Every structure is written in C-alpha cells, then in structure tokens.
There are 2 protein chains.
Amino acid sequence: MGKQKILDSDLLEGLAKVFRSKGYDGANLSELSIVTNLKKASLYHRFPDGKKEMAEAVLIHIEEWVDKNIFDPLENKKVSPKKRLKNALIEIYNSYNGGKDNCIFRALSLEPGSELFQEKIGIGIQKWISAFEKLGLALNFTEEKSHEYAVQTLIDIQGSLVLTKGLNSTKFFENALKGIESRYLER
Amino acid sequence: MGKQKILDSDLLEGLAKVFRSKGYDGANLSELSIVTNLKKASLYHRFPDGKKEMAEAVLIHIEEWVDKNIFDPLENKKVSPKKRLKNALIEIYNSYNGGKDNCIFRALSLEPGSELFQEKIGIGIQKWISAFEKLGLALNFTEEKSHEYAVQTLIDIQGSLVLTKGLNSTKFFENALKGIESRYLER
DNA sequence: TACATCTTACCGAACGTACGGTAATTTTTA
DNA sequence: TAAAAATTACCGTACGTTCGGTAAGATGTA
C-alpha cells in the first residue's frame, strides 16, 4: 500500500469549500487537513507559506475556473450573445450551488486576512464587470448602459446571495438570475 | 482621577465596530477589551455568557437603533412618503459610514458562529423587507411591486457594500442609494 | 540490468502563542 | 459599609507552524 498523491484539483476544491464557508480566520488547519485528506504537516509541504498560501491558491484556482467556464464562453463570438448569457447564468447558478454557497470574495473580505487578498479580490471583481460590459456591448447597448448593467449584475448576484443566506431560501438568488437575464434580453 | 463607568451605549458601539469588521470568529476578546476600555474579566462581568452574549447584545443594540432611526421614521404618517424615503436613505448612508463599514448581518453569517445568529439575522432582514414594503404601498405601488422593490432595495444595499469593499470605492454604495431613490420616486 | 542516490509526498509529535474563559482581589459607587 | 464594577493573575485548550523522519517513486551510473 503506497502513498497516493493527492490531486491538486481535489486538494484545492477541498480548501475552497472551507474558505468559502468560514472565511480566512474561521478556516482552521485541522479542518483543512480533514477535507483534503492530508495531515497538517503535509499541507505545509504543498504550501510552505501556510494558511495564507492556501487561501491564495484557492483564489487563483477559482479565478482560473471562472476564466475557463464563464469568461471565455461569455466572449466566444461563435455563439450568439443571448445564448452566451444564458449559458453563463447556468454556470453561475451551479457554481454557487443554487445560492447555498458563499462567494469567495465575500468570505475573504472580512478582517483579519482581508488585507492579504484585497488586491486580488479587486482585480477579480473588475474582471467580472469587464466581462459583462463586453456582453452588453455585444447586445448593442451603449457603453454607459453596458457598464451600468454589468455593475448591477454583480450587485444582484452578491446581494441576493446575502439574502439567500440570511433568510435560508434560495429563491432570492434564483430570482436575481432571472432578473439579470430579462434586463439584458427584454428590450 | 477616578475611573469612569463605561456607558452601555459606548460599550455596545465598541463591540459592534469589531464584530462588524471581523465577524464572530475573527473578533477576539483582546481587541474587544481594548475597544471598550474594559479588561476581559470586566467584559465577563457585563456579559456572563461571554463572546456569544456580546455578539447577541450587539445584534439587539443595532436592531433597536434601526427600529428607532430607520423603521419608525419610515412609517411615520405625519411625514410624506417621499420625504420619509429620503430621510431613511440618509440614515442608511451614515450608518454604513458611506459604504466603508460592513453590515452586521453579513459579518455574522460566516461560520463558525453563523448558527448562533441565523434566526436573529433572518428576522432582522425580514423586518427590513417589511419596512420597505409598507413604503411602497404608501407610495401607491401594488403589493407585488412593493414586495419586489423592497427585496431589490436590500439586494442593492448588500450587493453594493460588497463591491464597495472589494473595489475600495464608495461610489457603488452611493450610486445604489441613488438608484433606490429613483426607483421609488420616478414613475 | 542492478544498485545507489536523489527527490517527492507524506506524517507523528511537539513548539510557542493566542485564544476564550475564571477566581481572587481591589476599587468605585451609593 | 455593603454591593457593584473593574482589575490582576491565572488556566486549559486549540491554534498555526515546525521538526525529524519514513515510504516509495524517479533518476543516475556501472
């Protein structure tokens, strides 16, 4: 019975799950150890800089996932803008587990720890806004409207996630996604 | 030069400041002690059940403040609905320090600790929705529209606070409040 | 091919520290 | 002067981190 290498993707998804639900300070090494099937010392083998490096790796992992599964398809000119939007909303719905999971940005923006990730989070949010701005333009909205709608899209997602958590009902998130779709598609 | 008795309101505001910025787990007794000018053991004299009781007291304190400074004026029939809305938005703006401060609901809805406050938070959010529903009715919107607008008001506030924090710019919060106002006032 | 060496992946045990919390005592207040 | 409030000194525990070490695959060399 030899030692199996834990796959990077499994590892990062385990870490992500904890950081998303507990934030930086609330995520403790014991639990990170359990969800990754790796003892604490082994986590330090993978991440010599410790918890901070783990959270950063999670942020990067999620960013890559979003690039590939949301941003790239959203800008794929071989598909109609309407279809692109619909696909993106489905991906968003699933990636937040229908509204039951937190956003990593929100989880990591509480002190202590927020200073460490502030810059990465800012860039990440900016990328979301840009992606939806491009969609707006592709749907022939003005630059101004495209920006306004992009910002409102993020606000709807983030705000509805807060209500979904606070009132323990996914309907807010679901309705928000529907609202985003009709804002773009109903002229 | 004797020691001054710490006033309940100052005490709770100090505690609130820490819980809002750090969440339940991130708030530690050393800092709660410093910000209240009370040694740890003295905090335990005031709150025998410890940190949990402190966070609950903060939640209650904020709820009372909101009742008095936002909900009551918002339902005061001696003032026109339009004026009531404008006053409420000003109070909201100031109470979030122009967008720079977190919402206590959001701060306390991360694990660990979220279980402890889930119910109180749910009731609190529900009260916000109800208050804005009544405003919508007073402004002669249908019940359905009043509900829709009330939910969207909370989403705009919460979502814009996330963007404000994440991008370190209060313009998102400011614009959201303007958007709320015009949604109610521009027919 | 065969064996030695290097490297990767992992782990048990322990470290110093900071945590939430408590007991005993002094100070303040009325 | 008695009760209430605040303080000092302390406790057990859980935290993030580090150390010393093992198993096993990869690489180098004859």
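Fair warning: this is a prediction, and the values are worked out from it, not measured in the lab. Per chain, numbering begins at 1; letters A, B, ... match sequence-line order. What you see below is based on every heavy atom in this structure, not just the backbone, and it leaves out hydrogens, waters and symmetry mates.
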How long is the line joining [atom1] of [X] and [atom2] of [N], in whole Å?
{"X": "A:D10", "N": "C:dC10", "atom1": "CG", "atom2": "P", "answer": "12 Å"}
{"X": "A:I34", "N": "D:dA14", "atom1": "CD1", "atom2": "P", "answer": "13 Å"}
{"X": "A:L11", "N": "C:dA9", "atom1": "CG", "atom2": "C1'", "answer": "12 Å"}
{"X": "A:H45", "N": "D:dT17", "atom1": "NE2", "atom2": "P", "answer": "17 Å"}

*Check which hydrophobic residues are tied to B:L110 through side-chain heavy-atom contacts below 4.5 Å, counting indirect links as well, and list them.*
A:L110
Applying side chain to side chain contact (heavy atoms under 4.5 Å, CB included), can you list everything that pairs with [X], at least two apart in sequence or on another chain?
{"X": "B:T170", "result": "B:K100, B:T164, B:E174"}
{"X": "A:L137", "result": "A:E143, A:S146"}
{"X": "A:Y149", "result": "A:F141, A:K145, A:R183, A:Y184"}
{"X": "A:K86", "result": "A:E181, A:L185"}

*Please check the phosphate of D:dA6 (OP1 and OP2 only) for any side-chain N or O of B:R46 closer than 4.0 Å.*
yes
_C:dC11 phosphate, OP1 or OP2, under 4.0 Å from A:S42 side-chain N/O_ = yes
*Could you run down nucleotides 18-25 of chain C 5' to 3' and tag each one B, S or - for protein heavy-atom contact under 4.0 Å?*
-SBBBB--
*N-O pairing of B:K120 and B:E63 below 4.0 Å*: no
